[in-house]
Amino acid sequence: MVQHQRYSQLKNGGDEEAATLVFVWTNRGYYRRRRPKILSFLLLSLLSCGFILAPHFFSFSSALSHLYFFGVQNDGLSGDLDVNAPLCSSISNGSVCCDRSHFRSDICFMKGDIRTHSPTSSVFLYSPKNSDDNVSSTVDGDELQHEKIKPYTRKWETSIMATIDELNLISKRRNSDVDHSCDVIHDVPAVIFSTGGYTGNVYHEFNDGIIPLYITSQQFNTEVVFVILEYHDWWVMKYADILPHLSSYPPIDFNGDNRTHCFTEAITGLRIHDELTVDPILMKNNESIVDFRNLLDRAYRPRITGLIRKAQEKTSGCALATPKRMHNQPKKPKLVILSRKGSRAITNQNILVKAAEEIGFEVHVLRPEPTTELAKIYMELNSSDAMIGVHGAAMTHFLFMRPRYSVFIQVIPLGTDWAAETYYGEPARKLGLKYIGYKISRRESSLVDEYDKDDPVLTDPSSLNQKGWEYTKKIYLERQTVKLDLTRFRKRLLRAYDYITRIHLQSQHLA
Ligand SMILES: *[C@@H]1O[C@H](CO)[C@@H](O)[C@H](O)[C@H]1NC(C)=O
Ligand SMILES: *[C@@H]1O[C@H](CO)[C@@H](O)[C@H](O)[C@H]1NC(C)=O
Ligand SMILES: *[C@@H]1O[C@H](CO)[C@@H](O)[C@H](O)[C@H]1NC(C)=O
Ligand SMILES: *[C@@H]1O[C@H](CO)[C@@H](O)[C@H](O)[C@H]1NC(C)=O
Ligand SMILES: *[C@@H]1O[C@H](CO)[C@@H](O)[C@H](O)[C@H]1NC(C)=O
């Protein structure tokens, strides 16, 4: 029987398996600096391979199918209104309570003698001895209660839920002869969830996973163990900077680890509030999406500090050759273009870059790949003043921009108005970004070359969206590119530029 240890304790020992985990973890996470540099480098390269090998990187469009479906079916839905889980607020020792009242997710609570049993996909809760006064009615070892749950936050979407592992939560009378004994004892609660489903698409990773994980586990102040169904090493590595800020303990691969883990408290399933957001009204300590973003900033700081130092070391060798920026030369506002290739690309991006530079922006073009380290994207966006991108999963990175100071311009292709506003526009405003939605005109869509000018595809996209997801996907998401009308788009660039200059002046006056 062993005690589950936090990372810091494991650094000085622990069993071999745990040590391996920590080795990987620490080299990307919090304690990275204690490791030799070469090792980190090797691990980083390995990491990239890990991403490439990751089994499922859904294309954005296929992963969005359900979103549109959802949109058509549930227009106007505004997230869960229920505060935490009033149905289970006074859960007693030895009981399982499931709150299934929410539209987006189920969540079950257990308290007492909790033991995992992965061979039967079960978590058992043994009722305390002699606590039940109706002993005669139940034989030793009988199930008192049996709940089934799929701990994933897209409950309404039957097609993807069918792929999620189901967990049995079973409360039983204690029978000392039969009971499986504890292999690992935990003295902090468990949060049990799945990283299956649409995990592999960055929108889903934040919307369905990381943010709900924050919402559900924040209350424990990192004193919580994550037990993961459909566990992927690449996921743990990709989020290795963030996870230690949510849990001080290495996560458990539920199916890959058949030891019996024992807890006294467990939450199965994650709470979710709305698209890419945290609703303070539903949080114990009023945390908002800005608090979540502050956590990201703390999480990426060590890695980014290291990256900057490395870059400085590189350039310091030729310091004489690179003249320093003049002190009185004002810094240009930085604009990041999140670039796509293929569908929903901006076909005249070079002209966009030129126009933005003429206005006075310093322009960076960024094309995030699934293998791009999130800390690097964070570094790029946290230091930028504006971001432009065509509607798609990569817009999720608006979470990396600085609230109040930055402008997010989303280019909205034909037929994507609802999704662009729901998944990114409104959440970006909630974060406190200046949001500008740029609905393209028909002339700016590549679809004008394919359809007659009176075709409903061009004149009435919402009628096509209503026909079903297949239409939206095939026509508007997979077959459309954008050629920006720069006379029209320039106005947004100017608006963004003015906003940034004004905000900078304001903050200078305050300082
Ligand atoms: C709840 O049950 C656990 C396990 O049986 C026990 O250790 C703990 O003392 C109990 N707590 C209370 C408040 O009864
Ligand atoms: C005990 O269990 C029996 C059979 O299930 C039931 O009829 C009876 O009402 C229970 N008594 C109490 C006190 O719960
Ligand atoms: C898991 O189960 C397998 C097969 O029953 C067994 O060989 C193995 O030792 C178990 N692993 C652990 C860590 O208990
Ligand atoms: C959360 O907000 C409520 C209402 O605005 C306030 O009464 C409460 O003190 C706040 N709690 C914290 C921890 O800030
Ligand atoms: C993000 O930008 C802010 C403001 O410039 C800065 O204070 C903070 O340290 C940056 N965060 C990271 C992780 O670099």
Side-chain angles (χ1 to χ4, degrees), residues 25-34 40 44 47 202 205-206 210-211 214 218 222 237-246 276 278 287-316 324-325 327 329-338 360-364 366 368 372-389 394-409 427-428 430-435 496-497 499-511:
W25 184 275
T26 52
N27 276 285
R28 289 249 18 237
Y30 237 9
Y31 310 107
R32 184 190 297 105
R33 266 171 293 164
R34 292 173 177 248
S40 319
L44 273 176
L47 260 182
V202 69
E205 286 168 16
F206 277 94
I210 297 289
I211 293 176
Y214 172 82
Q218 175 62 19
T222 77
M237 286 189 265
K238 181 170 181 182
Y239 292 99
D241 289 326
I242 299 176
L243 292 175
H245 289 263
L246 295 171
L276 294 175
V278 177
E287 292 95 344
S288 69
I289 189 67
V290 175
D291 295 295
F292 172 76
R293 197 202 172 271
N294 290 340
L295 182 144
L296 293 184
D297 201 78
R298 290 196 300 279
Y300 289 126
R301 187 164 299 148
R303 173 69 182 140
I304 288 174
T305 309
L307 284 170
I308 291 172
R309 197 184 304 126
K310 214 193 291 174
Q312 280 167 348
E313 277 165 17
K314 230 185 219 166
T315 53
S316 65
K324 291 234 168 68
R325 185 197 286 275
H327 271 304
Q329 193 178 330
K331 204 167 163 286
K332 286 182 178 178
K334 178 175 153 188
L335 167 72
V336 171
I337 299 174
L338 281 186
F361 284 105
E362 176 190 320
V363 182
H364 291 215
L366 190 65
T372 312
E373 194 188 339
L374 286 177
K376 288 184 176 166
I377 303 177
Y378 187 92
M379 181 167 76
E380 192 68 45
L381 289 172
N382 181 57
S383 63
S384 74
D385 301 285
M387 169 175 112
I388 296 176
M395 298 304 101
T396 307
H397 295 118
F398 79 76
L399 290 168
F400 295 177
M401 304 199 72
R402 287 170 301 140
R404 194 172 113 84
Y405 293 101
S406 352
V407 183
F408 166 29
I409 305 178
K430 284 181 184 164
L431 177 63
L433 302 182
K434 167 81 177 164
Y435 173 71
Y497 191 87
Y499 177 86
I500 293 158
T501 337
R502 210 168 56 237
I503 284 282
H504 279 209
L505 278 176
Q506 273 174 21
S507 57
Q508 271 164 20
H509 282 307
L510 289 175

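In each ligand, atom 1 is the first atom listed, and ligand 1 is the first ligand listed.
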Q: Can you sort out the partners of Arg301 under side-chain hydrogen bond (donor to acceptor under 3.5 Å, both in side chains), two or more places apart, ordered by chain and number?
A: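 side-chain hydrogen bond (donor to acceptor under 3.5 Å, both in side chains) check on Arg301 returns Asp297.
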Q: In terms of side-chain geometry, is the basic nitrogen of Arg402 or Asp385 positioned less than 4.0 Å from the acidic oxygen of its partner?
A: yes
Q: List for me each residue that meets side-chain hydrogen bond (donor to acceptor under 3.5 Å, both in side chains) alongside Tyr497, sequence neighbours excluded, and say none if there are none.
A: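 Counting only residues at least two positions away or on another chain, Tyr497 forms no side-chain hydrogen bond (donor to acceptor under 3.5 Å, both in side chains).
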Q: Using a 4.0 Å cut-off on heavy atoms, what residues surround ligand 5? Order them by chain and number.
A: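 Residues within 4.0 Å of ligand 5: Asp297, Arg301, Ile304, Tyr378, Asn382, Arg402.
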Q: Could I get the full list of salt bridge (Lys or Arg N to Asp or Glu O under 4.0 Å) partners for Lys334, not counting sequence neighbours?
A: Glu380
Q: Glu362 and His364: side-chain donor and acceptor closer than 3.5 Å?
A: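 Side chains of Glu362 and His364: pair found under 3.5 Å.
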Q: With a 6.0 Å cut-off on ring centres, are Phe206 and Tyr239 close enough?
A: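 Yes, they do, as the ring centres are separated by less than 6.0 Å.
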